[in-house]
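Below is one structure; the comments refer to it alone.
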Protein chains: 2
Amino acid sequence: MTEPEWLRLDRQICFSLHAASRAFNGVYRVVLGDLGLTYPQYLVMLVLWEQGDLPVKKLGEQLRLDSGTLSPLVKRLEAAGLVRRERSAADERSVLVRLTGEGAALRERALEVPRRIMSATGFDPAEIGELRERLDRLTAALDAAARTEATR
Amino acid sequence: MTEPEWLRLDRQICFSLHAASRAFNGVYRVVLGDLGLTYPQYLVMLVLWEQGDLPVKKLGEQLRLDSGTLSPLVKRLEAAGLVRRERSAADERSVLVRLTGEGAALRERALEVPRRIMSATGFDPAEIGELRERLDRLTAALDAAARTEATR
DNA sequence: CACAATTAAGTTGTGCACAACTAAATGCCG
DNA sequence: CGGCATTTAGTTGTGCACAACTTAATTGTG
């Protein structure tokens, strides 16, 4: 394979992933519009619904997002009345993110989201599972490589 | 399957894609750092290297990006000395993006990028091809669904 | 116990994505 | 030909991602 062909191929691969990510985002934008949530905000709410109130730190670990992204995002959720932020009494550095009644109630309306997303993909559950497995493997490899490259 | 389980599953799927996209971005950030390019800027340069000078409009069609994203991005490429922007004489609405000598020369240094990315994925070419096929199919389905949902 | 290192959250600055809008040039139709 | 719709860029505003930095609280160690 000649080098120019490598560049062509690379364009196709990186472009495919970029496009898929943006397309997914677009569908979530439409589906979540009804709930007044963005896609990353929905991810935060999913974690809170599943695991209950959590400090910002724990949220960041779950979603692999740092405080630079989470702090303003959580503030917007608070402005929307879905969560409250409370300094932990035990450790004043930590801020606990708590669902409000309204935030907890939103879960009911969110229950229809997954099915709408699934049907938008046009994939059956098995295929989705396989894709997910592949993406997770890819992510792990890429994260490892980024660390190695960075310290090269 | 109970409804809470659907929410759990959804979190896993959307999260996997989001994570993969960001992980890819991270590797490109490291690899492209040497060239002084971001990932979307690299995509623009790939199109220009492959297809020669293009108006902003055509670039946007290729990359599915609108002028709100492309205008400032191309300006940054111009500030970096990689491209020039020229109003078309034939149609004064159109702006032609032209590679400078420096921009064209950068292609040489970019030739190593695809191999570094490939090796970072830990996937062989066949597996990458398969993943790409699946992602493209997913993107097509999602785009179609977003249009249907939007007009529902 | 005092103080240096660590940790949690937040802030600042850059860049991308996208919606909504503006401005200017072109095309088309009566 | 004149005026209106369309097309092409660009602008504005919001939100996310991330790097680099700041601040305040806590931990660990001499």
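A note on names: the letters A, B, ... follow the listed sequences, proteins ahead of strands, and every chain is numbered from 1.
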For atom [atom1] of [X] and atom [atom2] of [N], their distance in whole Å:
X	N	atom1	atom2	result
B:L54	D:dA9	CG	P	11 Å
B:L59	D:dA9	CG	C1'	13 Å
A:L96	C:dA8	CG	C1'	13 Å

Looking only at side-chain atoms of [X], point me to the closest of [options].
X	options	answer
A:V95	D:dA9, C:dG10, C:dA25	C:dG10
A:V56	D:dA25, C:dA9, D:dT6	C:dA9
B:R93	C:dG10, D:dA25, D:dT8	D:dT8
A:Q41	C:dG10, D:dG15, D:dT26	D:dG15

Hits for side chain to side chain contact (heavy atoms under 4.5 Å, CB included) against A:E127, two or more places apart or cross-chain, chain-then-number order -> A:F123, A:D124, B:R134, B:R137

Per nearest nucleotide of DNA chain C, the residue lying toward the 5' end, A:E61 or B:E92, is A:E61

Query raised in the report: Would A:S21 and B:S21 count as having a side-chain donor-acceptor pair, cut-off 3.5 Å?
Result: yes

Nearest-nucleotide check on DNA chain D, A:T38 vs A:A90; residue mapping nearer the 5' end is A:T38

Comparing A:D91 with A:P72, nearest DNA chain D nucleotide closer to 5' gives the residue A:P72

Under 4.0 Å between a side-chain nitrogen and a carboxylate oxygen: does that hold for A:E78 and A:R85?
yes

Assess whether a salt bridge exists between B:D34 and B:R116, defined as any Lys/Arg side-chain N lying under 4.0 Å from an Asp/Glu carboxylate O.
yes

Select base, sugar-phosphate, or nothing to describe what B:K75 touches, counting heavy atoms under 4.0 Å on all strands.
sugar-phosphate

Inset, instruction - State whether A:R87 places a side-chain N or O below 4.0 Å from either non-bridging phosphate oxygen (OP1 or OP2) of D:dA24. - result: no

Tell me whether the side-chain N/O atoms of B:S71 come closer than 4.0 Å to OP1 or OP2 in D:dT11.
no

Only residue of B:K58, B:R84, B:R98 satisfying salt bridge (Lys or Arg N to Asp or Glu O under 4.0 Å) with B:D53 is B:R98

- Message: Starting from B:V113, can I reach A:L142 by hopping between I/L/V/M/F/W/Y residues whose side chains sit under 4.5 Å apart?
- Response: yes

Expected string for nucleotides 17-22 of chain C under the B/S/- scheme (protein heavy atoms, under 4.0 Å, primed atoms plus P, OP1, OP2 as sugar-phosphate) is BBB---

Margin query: Donor-acceptor pair, distance only, cut-off 3.5 Å: does the side chain of A:Q41 make one with the backbone of A:T38?
Written below: yes

